[in-house]
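All remarks here apply to the structure that follows.
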Amino acid sequence: QVQLVESGGGLVQPGGSLRLSCAASGSIFRIIDMGWYRRAPGDQRELVATRNAGGGTKYADSVKGRFTISRDNAKNAVYLQMNSLKPEDTAVYYCYTRAYSQALATSWGDYWGQGTQVTVSS
C-alpha cells in the first residue's frame with residue numbers, strides 16, 4: 001500500500017509564505033504524478049498544482065504566479081512553495097499521487113494523504 005505524509009501547514013499572515021512537503025512510501029512501483037489539492041470550508045476539493053515524472057506542471061488559475069511545485073523523484077517527495085498568501089488560500093491541503101503499486105503494477109491507483117491545515121489570517 002502507498003502512503004503519503006504531509007507537513008508544513010500552519011498559521012500565517014496575509015502576504016506571508018509557507019512550504020508544504022509530502023513524502024510517499026510503501027509498495028511503489030512507479031509514480032506517474034504527484035501534487036496538491038485543497039478543500040476550503042463549504043467548497044469542493046480542487047486541484048492546486050501537479051507535476052508529472054517528466055517535469056510537466058499544472059496550476060490552478062487562482063495560484064499561478066504565487067505557488068511553485070517541485071519534486072524530488074529519488075525521494076518520492078513533492079513540495080509546494082506558497083508565497084503571497086491570501087485569506088482565500090485557507091484550506092486543508094492534501095498531498096496526492098497517481099502511481100503504480102507493486103501489487104498492481106499494470107494498473108495505476110490514486111492515493112491521498114491525511115491533509116494539513118493552512119490558515120491565512122491577520
Side-chain angles (χ1 to χ4, degrees):
Q1 181 65 33
V2 176
Q3 301 178 59
L4 300 173
V5 179
E6 307 104 328
S7 63
L11 175 65
V12 65
Q13 294 184 343
S17 298
L18 285 173
R19 184 173 185 262
L20 305 183
S21 299
C22 174
S25 62
S27 301
I28 300 170
F29 180 72
R30 182 168 64 87
I31 290 176
I32 302 168
D33 297 303
M34 290 192 77
W36 298 89
Y37 286 69
R38 68 185 181 188
R39 186 186 298 276
D43 292 337
Q44 295 184 329
R45 183 167 57 190
E46 66 172 348
L47 182 146
V48 178
T50 61
R51 186 179 179 98
N52 63 29
T57 59
K58 294 181 179 180
Y59 291 93
D61 288 341
S62 60
V63 308
K64 288 180 179 177
R66 300 188 297 119
F67 292 10
T68 302
I69 188 170
S70 60
R71 278 182 63 179
D72 186 333
N73 293 327
K75 297 180 179 179
N76 289 331
V78 64
Y79 310 93
L80 186 68
Q81 179 66 46
M82 304 186 293
N83 298 326
S84 301
L85 283 161
K86 304 175 180 180
E88 51 262 44
D89 294 317
T90 296
V92 177
Y93 285 70
Y94 298 90
C95 183
Y96 157 85
T97 187
R98 176 167 289 178
Y100 291 95
S101 71
Q102 298 207 15
L104 296 172
T106 60
S107 182
W108 53 259
D110 292 331
Y111 304 91
W112 299 90
Q114 295 300 306
T116 184
Q117 178 71 49
V118 172
T119 302
V120 184
S121 177
S122 60

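Because the structure is predicted, anything quoted here is derived from the model rather than measured.
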Among Ile, Leu, Val, Met, Phe, Trp and Tyr joined by side-chain contacts under 4.5 Å, find the other residues sharing a cluster with Ile31 and list them by chain and number.
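Ile31 shares its hydrophobic cluster with Val2, Leu4, Val12, Leu18, Leu20, Ile28, Met34, Trp36, Val48, Tyr59, Val63, Phe67, Ile69, Val78, Leu80, Met82, Leu85, Tyr93, Tyr111, Val118, Val120.
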Please list all pairs meeting side chain to side chain donor-acceptor pair (under 3.5 Å) that have one or both residues in residues 41-54, counting only residues at least two apart or in different chains.
Arg38-Glu46
Does the pair Asp61/Lys64 count as a salt bridge with the N-to-O cut at 4.0 Å?
yes
Test: salt bridge (Lys or Arg N to Asp or Glu O under 4.0 Å). Region: residues 91-113. Which pairs qualify, not counting sequence neighbours?
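Found Arg98-Asp110.
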Enumerate the salt bridge (Lys or Arg N to Asp or Glu O under 4.0 Å) contacts for residues 5-31, please, sequence neighbours excluded, ordered by first and then second residue.
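The answer is none; no pair qualifies.
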Which residue pairs pass the disulfide bond (SG atoms under 2.5 Å apart) test when at least one of the two sits in [range], sequence neighbours left out?
range	answer
residues 45-78	none
residues 58-87	none
residues 89-122	Cys22-Cys95

side-chain hydrogen bond (donor to acceptor under 3.5 Å, both in side chains) partners of [X], counting only residues at least two apart:
X	answer
Ser84	none
Gln102	none
Ser17	Asn83

Using the test salt bridge (Lys or Arg N to Asp or Glu O under 4.0 Å), find all partners of Asp72 that sit at least two apart in sequence or belong to another chain.
none
Mind checking salt bridge (Lys or Arg N to Asp or Glu O under 4.0 Å) for Lys75 and listing every partner two or more places apart, or none if nothing turns up?
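Salt bridge (Lys or Arg N to Asp or Glu O under 4.0 Å) check on Lys75 returns nothing, list empty.
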Is the Trp112 ring parallel, tilted or perpendicular to the Tyr37 ring (thresholds 30°, 60°)?
perpendicular
Could you pull out the closest heavy-atom pair between Tyr100 and Thr106, with the gap in Å?
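Scanning both residues completely, I find the closest heavy atoms to be CE2-C, 3.7 Å.
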Does a side-chain heavy-atom distance below 4.5 Å link Gln117 with Leu11?
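No - every pair of side-chain heavy atoms lies 4.5 Å or more apart.
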